[in-house]
Number of protein chains: 2
Amino acid sequence: MESSDARLANRAAVLNELLSRDTATRVTIAVRTGLSKATVSRVTDDLIQEGLVRENGPLPGSGPGRQALALSIAGEDKYVCGVDLGGSNTRFLVTDVAGRVRAWAREATPRTATTAETARWLTDRVTALVGSGELHVTAIGLPGAVHPITQSVRTVPNLPQVAGTAFTETVAAALPGTTIFDNDANVALLGEVTAGAARGRGTAVMISIGTGLGASVYLDGRLLTGRTGAVGEFGVLPYADGTLESVMSGAGMVDRARRLGFEVRDAVQIFDRGEPQAVLRDATAALLSMVTTLKVAYEPEVVVLGGGVAPRLAARLDALSWLLDDPTPEPPEIALSTLGDPAGAIGALVAALHCHYRAFDIHTPDLGGVATTLLRSLPGEESHVPAPSA
Amino acid sequence: MESSDARLANRAAVLNELLSRDTATRVTIAVRTGLSKATVSRVTDDLIQEGLVRENGPLPGSGPGRQALALSIAGEDKYVCGVDLGGSNTRFLVTDVAGRVRAWAREATPRTATTAETARWLTDRVTALVGSGELHVTAIGLPGAVHPITQSVRTVPNLPQVAGTAFTETVAAALPGTTIFDNDANVALLGEVTAGAARGRGTAVMISIGTGLGASVYLDGRLLTGRTGAVGEFGVLPYADGTLESVMSGAGMVDRARRLGFEVRDAVQIFDRGEPQAVLRDATAALLSMVTTLKVAYEPEVVVLGGGVAPRLAARLDALSWLLDDPTPEPPEIALSTLGDPAGAIGALVAALHCHYRAFDIHTPDLGGVATTLLRSLPGEESHVPAPSA
DNA sequence: CGCATTTGATTTCATCCTGAAACAAAAGAA
DNA sequence: TTCTTTTGTTTCAGGATGAAATCAAATGCG
């Protein structure tokens, strides 16, 4: 199938318009995209033919004149899935291709399982959540560097069974449709850029402080992964007599506290107690150093702090008021993740949607509208599996 | 003037073909670009109408058949200029819009002059070198961060008189055509990417170690400047008890050596003597640290070392064989600048050419051919001013 | 109730651009 | 001179767009 360049751009424009508003007609699309009514009509007809768009009933008109036909994204039974496979918990999110939520879940990750068992567990959960729907794309964020070409996974201290290509290949083989993998920090940032703290920003950086330490970079409208997917592994950089990760990651802080003779369960506890002070002070200083490096490296508009420890760290940052003596003319905003823990699953879902439409040569730069309506359908419950349909 | 998208792309394809080969005909262009003969003919006629392309005499044919008409970039009298305004020396390079060298010069920068005097000095030199030609674009690299929108210059310890907007505005007002400014490390990297050590690479990073310390980033085919032009100022990052710049820049090394009681003229002398060892050791370690940071931040295909000290440092790097124990799966190549000191002027000239053609909506992603032929016309002489033409 | 008005969607038509193919031009070879 | 070969132009069909005319359907007013 070969089509002209302009045609593809117009298809994308029409479809993006449909994705961002929940109700649209041919005329409103023409006005918003700047295309002529004729072109919109033709493109729309094509999209309907291809099954990407559906003509709903007539829209009740407000004034005189013919009733407009409501258009919407078709494919209530075509599903995409976003997964955030974490070191301790895993979140699943299933929507149709318009981003309408179908099911979600949050479960403990089987930490001691083998590669095959973990893969089986994950695909079983996805299959169960998808139910009778037709799964088109699954995007999985996981705590390791994912090679963008080979999909091989590296450096996974938290979840060693997914390293290499065995896990990704097994999962991809067991799931219908396309399966893509990416670093969990990357998909979390994609979530924040699409619908969270970095919404609408052209360039943003996210520091994810969980068990480990990760950074991810969104530059001029694209996630920066690097040739091997290792971009953002700032945790390995030397700091003091260790690495940044050893000082400011959750595991690193707990480790240091224990060596000082403190009994601690997790990093959050350290913050809540305010002890050991040395660990807290060093972690804050390390974060400061990391933000400085990120600033020089990318000049982001905003630095998003994410992960379980982030809210506590942010409070300390404010106390230091380090932003005030920043000599940079236009310093980045510092923001907390607004999506919180589900950011990864939401970002993975956004990646899955991008992937789905890319297969139709449709570039979907802004899924902000989709993601926002999606957010409203996600209450705090742990999981939701739809009743089996007839 | 409004034109279709495909038309612009084809214009660009034809013109890029002409820029990269010194001799071309309509048929060879059609073959190389994949366009049809008809389209090439039409586009070429347009370009000739606009004065961008010229039809030269018939090309002596090798076999039977009609003689082909040679085409070439028009505009022998339309000039562009690249300037590398350094802390101690300034290089000028003037070519026509096809990159054919017209004049060049290297002079000591007037360090104690005022802003107005420096601007006057620079514009006088450019005007003299341009002579009777028609200057279209001047690109100037200077040792400071240049705000990409306001063109305001920041952080210029080496050349304080160009800070702010006074210098850039004065120069732009005094020179005909368009004048653009950028950081000197950025234009040097543009030179290396176009015709030097990073030729043809999609992503590359350059560390420029001169009096000061600068890094520049070329990512996926574009120079990364950041919102305010401050991307790459890794020199300000803290290192040991100072900053990276204080440890591994030329000025910083000299300063540290003198504090240790050594009498040194410049950093090169420190390397040649091999003393003070502490200064050398720290500088090497700092470079190592910087390369590690750059690797994590961008995963470049190649790291280019430039600036006067670079060759000496590179020798030490080899001795450390630090590349061998690099745990990264695909570590970047480390390369010395192959353009050397003129890299900045060449890169500035490339930027000027890009700018010139961009005004015609023609994107020139690869000026490698132009820059290479340009290199051959640049012998080691200090300057060359053309004889005044009638 | 009939008809003008208004708004939505489609169709028609002029325009622009491309590529394939036919055609014209020019040079060398037999 | 005539044929062959290569270059460059012209012609024509095929897509695609936008403006405008046209068709379609709903409201409101006399």
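Here the structure is a predicted model, which means the values were calculated and not measured. Quick note on labels: first sequence line is chain A, next is B, and so on, each numbered from 1.
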### Query
If you pin A/S36 and B/G65 to their nearest nucleotides in DNA chain D, which one's is more 5'?
B/G65
### Query
Where each residue is assigned the nucleotide of DNA chain D containing its nearest heavy atom, which of B/P64 and A/G34 is assigned the position nearer the 5′ end?
B/P64
Give the nucleotide from the list [options] with an atom nearest to the side chain of [X].
| X | options | result |
| --- | --- | --- |
| B/R66 | D/dG18, C/dA9, D/dT7 | D/dT7 |
| A/R42 | C/dT18, D/dG8, C/dT12 | C/dT12 |
| A/T39 | D/dT17, C/dA9, D/dT9 | D/dT17 |
| A/K37 | C/dA9, D/dT11, D/dA26 | C/dA9 |
| A/V27 | D/dA26, D/dG8, C/dG8 | C/dG8 |

Check the side chains of [Y] and [X] for a donor-acceptor pair under 3.5 angstrom, ignoring hydrogens and angles.
| X | Y | value |
| --- | --- | --- |
| A/N56 | A/S72 | yes |
| A/R201 | A/Y218 | no |
| B/S41 | B/T44 | no |

Between atom [atom1] in [X] and atom [atom2] in [N], what is the gap in whole Å?
| X | N | atom1 | atom2 | result |
| --- | --- | --- | --- | --- |
| A/I29 | C/dT10 | CD1 | P | 12 Å |
| A/R11 | D/dG15 | CZ | P | 16 Å |
| B/L59 | C/dA25 | CG | C1' | 17 Å |
| B/D45 | D/dT10 | CG | C1' | 12 Å |
| B/E55 | D/dT7 | CD | P | 15 Å |
| A/R26 | D/dA25 | CZ | C1' | 14 Å |
| B/Q67 | D/dT5 | CD | P | 18 Å |
| B/I48 | D/dT9 | CD1 | C1' | 13 Å |

### Query
To the nearest 0.5 Å, what is the distance between CZ (B/R199) and OG1 (B/T372)?
4.0 Å
### Message
I'd like to know if B/E76 and B/R54 make a salt bridge, using a cut-off of under 4.0 Å between side-chain N and carboxylate O.
### Response
yes
### Query
Want to settle it: does A/A38 or A/A68 sit nearer the 5' end of DNA chain C, counting the closest nucleotide to each?
A/A68
### Any A/N10 side-chain nitrogen or oxygen under 4.0 Å from OP1 or OP2 of D/dA16
no
